[in-house]
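See structure below.
Quick note: residue numbers are just sequence positions, from 1.
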Amino acid sequence: MAYKAPVRDLTFILNEVLEIDRYSNSPGFQDVSSDLVQQLLEEGAKFAEEVIAPINHSGDKEGCHWDNGVVTGPKGWKEAYHAMVEAGWPALSADPAYGGQGMPAVVGMAFGQFTAGASAAFSMYPGLTAGAYAGIHANASEELKTKYLPKMATGEWGGTMNLTEPQCGTDLGMVRTKAVPQGDGSYKITGQKIWISAGEHDFTDNIIHTVLARVEGAPAGIKGLSLFLVPKFLVNEDGSIGERNALMCTGLEHKMGIHGNATAVMQYDGATGWLIGEEGRGMNNMFVVMNDARLGTGLQGLAIGAAAYQAAVEFAKDRIQGRSLTGPKNPDGPADSIMVHPDVRRMLLEAKAFVEGGQAFVLWTALQADLEKSDDAATAQKAKDYMGLLTPVLKAYLTDKGFHVASLGMQVHGGSGYTEHFQASQYLRDARITMIYEGTNGIQALDLVGRKLPGNGGRAIMSWFADIDAFVAENAGAGTAVKPFVDGLADAKTKLQEATMWLMQNGMQNPDNAGAASTDYLNLFGLTALAYMWAQMAKAAQAKVDEGTTDPFYVTKLQTGRYFVERILPDAQGHLVKLKTGADVLMQMPAEAF
């Protein structure tokens with residue numbers, strides 16, 4: 001299958017739904033126009049389709065190679081990475097002060113959907129670098145930023161995040177990696193980190209690790225952690241590469257998927273590092289890296305689903321099997337295309353509705369990251385609230401559904417999909433990790449109900465409800481075609497509000513109630529978010545239809561959205577009913593009875 005980047009879908013969202021030209025006076029948008037974005041995405045699509053996509057399947061087959069600490073990527077990957085750096089793509093949304101192009105985050109996230117769809121494993125190399133860059137940019141001293149960020153911004157140097165250790169994953173309070181101050185501003189870092197994506201490779205001259213460690217004598221638990229910048233090679237004062245640091249990759253994980261990405265075991269033996277931000281604020285500072293990675297992971301899960309959907313459509317159009325229930329549609333052939341079967345169409349439409357709704361959700365959320373920089377304090381605060389509230393929803397919901405779409409794609413392929421001849425198997429394997437790393441989806445749900453909802457007295461969720469109410473009121477008189485979208489959104493929002501009230505009343509008196517309800521609550525939130533996106537897309541598409549357009553894109557968009565409203569959105573009721581059952585059915589059974 002030849003991957004095709006969804007340029008038309010994303011330019012529709014950017015230009016006709018989000019209307020990014022409205023923000024021309026906002027920071028970061030001054031030199032950005034819809035025409036420029038169109039050109040950028042067309043060029044980005046070409047790069048993803050012609051350079052990255054062709055090496056995805058072969059990279060999955062070959063994987064990475066480890067030899068005494070030296071890691072090499074699959075054939076052709078280093079060359080593709082260098083071509084990406086040379087073309088300037090990693091620098092797209094980076095700060096111009098450090099060599100970036102300064103494009104809005106929403107544009108960078110659009111391009112990110114192309115690279116992740118073309119090859120999820122490949123996209124992780126620049127993706128992890130972008131996360132490390134963000135953490136250093138937000139928290140490090142000017143000296144460190146000046147020294148390291150310019151080459152990280154361009155992708156000439158790689159970056160990673162080092163959190164997990166053999167004895168701790170989610171519970172980072174148990175981190176044992178230690179940091180010993182040297183009296184000159186540097187620290188000696190010693191410990192082992194595991195599951196470090198892009199931890200070692202041959203694509204870049206240097207790799208800049210962001211490492212969570214405990215300064216000698218610091219208290220136990222989360223409060224004792226600090227964040228450190230630890231380069232693979234030390235950097236001389238003139239910016240040139242110096243001697244090798246005391247760290248190495250001691251092995252690679254053998255994984256279910258993302259074979260082209262090196263998942264490293266990293267050993268630090270008195271490696272030289274520098275503090276990022278203040279001592280004891282490691283988790284606060286790492287959250288910048290983690291939140292960037294969580295948004296990227298949500299995007300990745302969605303993009304894999306989009307590629308899996310494309311492959312399934314291509315297969316379904318070519319595969320002939322059986323006859324239409326209403327009579328042959330290919331009477332001269334031995335059978336009809338499986339596209340005639342309602343259940344095949346159910347799977348494809350479910351995939352299409354999730355993917356296209358998710359694409360809008362990713363870009364709508366990325367726009368909030370840009371609006372955080374607004375000169376208007378109220379706009380900036382609201383955008384920051386939304387980024388906090390929506391990050392766990394976007395990460396968990398889109399990776400769940402991305403995997404679901406990949407599974408549907410395999411089902412459409414039938415037995416052929418279970419073989420390695422087709423890419424359906426790779427998409428399913430690659431998508432599965434997105435539900436686990438950067439905080440499992442269950443942890444995202446706990447974060448949503450335990451931290452994000454009650455934060456600032458519930459300011460973010462109340463603002464979210466108010467925005468939806470305003471949209472519903474504004475479009476209450478919408479025409480026949482848009483009305484079901486508006487009504488569906490209003491109903492989903494009412495259910496989400498009821499669930500929120502239930503959590504407030506029952507979660508406080510018994511925290512297990514909140515934990516038991518959290519995943520259904522997040523799914524209900526995700527459905528409401530996609531209903532909001534589909535209502536906005538339907539409004540924009542119907543406006544074009546009303547103008548008399550003959551472009552079938554808009555009618556198809558409305559038909560896809562109808563499937564979402566009629567056959568996916570009703571799941572909201574099930575999630576509400578389940579979450580209100582509370583914790584008893586989960587917690588009363590003794591452990592030994594399982």
Review point. Run the side chain to side chain contact (heavy atoms under 4.5 Å, CB included) check on Val17 and Leu363 step by step: do they pass?
Key: CA-CA 10 Å; Val17 179; Leu363 296 184; over 6 Å; no
Exercise for review: Show the numbers, then the answer: is there a side chain to side chain contact (heavy atoms under 4.5 Å, CB included) between Leu496 and Ile468?
Suggested key: CA-CA 12 Å; Leu496 182 61; Ile468 292 176; 6.0 Å; no
Review point. Passes side chain to side chain contact (heavy atoms under 4.5 Å, CB included), Met537 versus Gln359? Steps please.
Key: CA-CA 11 Å; Met537 288 193 286; Gln359 288 168 342; over 6 Å; no
Practice item. Apply side chain to side chain contact (heavy atoms under 4.5 Å, CB included) to the pair Met84 and Phe122, showing each step before the final yes or no. Key: CA-CA 11 Å; Met84 182 175 63; Phe122 182 90; 4.0 Å; yes
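Of the residues Phe525, Phe564, Phe465, Phe471, the one that meets the ring pair (Phe, Tyr, Trp, His ring centres under 6.0 Å) test with Tyr532 is Phe471. Only one option out of Met124, Met435, Glu438 pairs with Thr297 in a side-chain contact (heavy atoms from CB on, under 4.5 Å); it is Glu438.
Of the possible polar contacts, one joining the Lys193 side chain to the Leu212 backbone as a donor-acceptor pair under 3.5 Å is found. Judged by distance alone, the side chain of Thr129 and the main-chain N or O of Tyr125 form a donor-acceptor pair under 3.5 Å. No side-chain donor-acceptor contact under 3.5 Å links Ser24 to the backbone of Gln30. Under a 3.5 Å cut-off, the side chain of Trp464 and the backbone N or O of Leu390 do not form any donor-acceptor pair. Counting only distance, with no hydrogens or angles, the side chain of Asn261 and the backbone of Ala198 share a donor-acceptor pair below 3.5 Å. Thr528 contributes no side-chain N or O that, together with a main-chain N or O of Leu489, makes up a donor-acceptor pair within less than 3.5 Å. Under the 3.5 Å distance criterion, the side-chain polar atoms of Asn139 are left unmatched by any main-chain donor or acceptor of Gly277. Remark: the backbone N or O of Thr560 is not paired with any side-chain donor or acceptor of Glu356 at under 3.5 angstrom. Between the side chain of Gln300 and the main chain of Thr434, no donor-acceptor pair closer than 3.5 Å is present. With hydrogens and angles ignored, the 3.5 Å screen pairs no side-chain donor or acceptor of Asp430 with any backbone N or O of Gly257.
To the nearest 0.5 Å, atom CG of residue Asn162 and atom CE of residue Met266 are 6.5 Å apart. Within the model, atoms OG1 of Thr379 and NZ of Lys373 stand 15.0 Å from one another, a figure rounded to the nearest 0.5 Å. In this structure, NZ on Lys395 lies 8.0 Å from CG on Asp400, to the nearest 0.5 angstrom. The CD1 atom of Ile276 lies 14.0 Å from the CZ atom of Arg281; values are rounded to the nearest 0.5 Å. To the nearest 0.5 Å, atoms CG (Asn285) and CE (Met290) are separated by 12.0 Å. A distance of 8.5 Å separates CG of Asn513 from CG of Leu503, quoted to the nearest 0.5 Å.
The shortest heavy-atom contact between Ala540 and Glu16 is CB-O, 3.6 Å. Across all their heavy atoms, Val107 and Val37 have their closest contact at CG2-CG2, 3.9 Å. Taking all atoms of both residues into account, the shortest heavy-atom contact from Ala303 to Gly117 is CB-N, 3.5 Å. Closest non-hydrogen pair, Ala583 versus Ala516, comes out as CA-CB, 3.7 Å. Nearest heavy atom pair, residue Gly280 against residue Ser226, reads N-OG, 2.8 Å. Residue Asp292 comes nearest to Ala130 through the heavy atom pair OD1-C, 4.0 Å, listed as atom of the first residue, atom of the second, then distance.
Environment of CD in Glu143: sparse, with no more than 12 heavy atoms of neighbouring residues, nucleotides or ligands closer than 6.0 Å. Other residues, nucleotides and ligands contribute only 12 or fewer heavy atoms inside 6.0 Å of the NZ atom of Lys178. Within a 6.0 Å sphere centred on NZ of Lys384, heavy atoms belonging to other residues, nucleotides or ligands number 12 at most. By the neighbour-count criterion of 12 heavy atoms within 6.0 Å, atom CE of Met256 is densely surrounded, having more than that number from other residues, nucleotides or ligands. Shown here is Met508, whose CE atom has no more than 12 heavy atoms of other residues, nucleotides or ligands within 6.0 Å. Summarising the local packing, CZ of Arg459 is surrounded by more than 12 heavy atoms from other residues, nucleotides or ligands at distances under 6.0 Å. In this structure, Trp364 places its CH2 atom where more than 12 heavy-atom neighbours from other residues, nucleotides or ligands lie under 6.0 Å away.
Two rings, from Trp89 and Phe114, have their centers 6.0 Å or more apart.
Between Asp520 and Lys580, none of the side-chain N atoms (NZ, or NE/NH1/NH2) sits under 4.0 Å from a carboxylate O, so this pair counts as no salt bridge.
Side-chain atoms of Asn441 and Thr399 include a donor-acceptor pair closer than 3.5 Å. One side chain, Tyr386 or Ser463, offers a donor N or O that lies under 3.5 Å from an acceptor on the other.
The side-chain heavy atoms of Ile568 and Phe354, taken from C-beta on, include a pair separated by under 4.5 Å. Side-chain atoms of Leu14 and Ser34, non-hydrogen and from C-beta on, never get closer than 4.5 Å to each other. Residues Leu302 and Lys401 are not in side-chain contact: their nearest non-hydrogen atoms beyond the backbone lie 4.5 Å or more apart.
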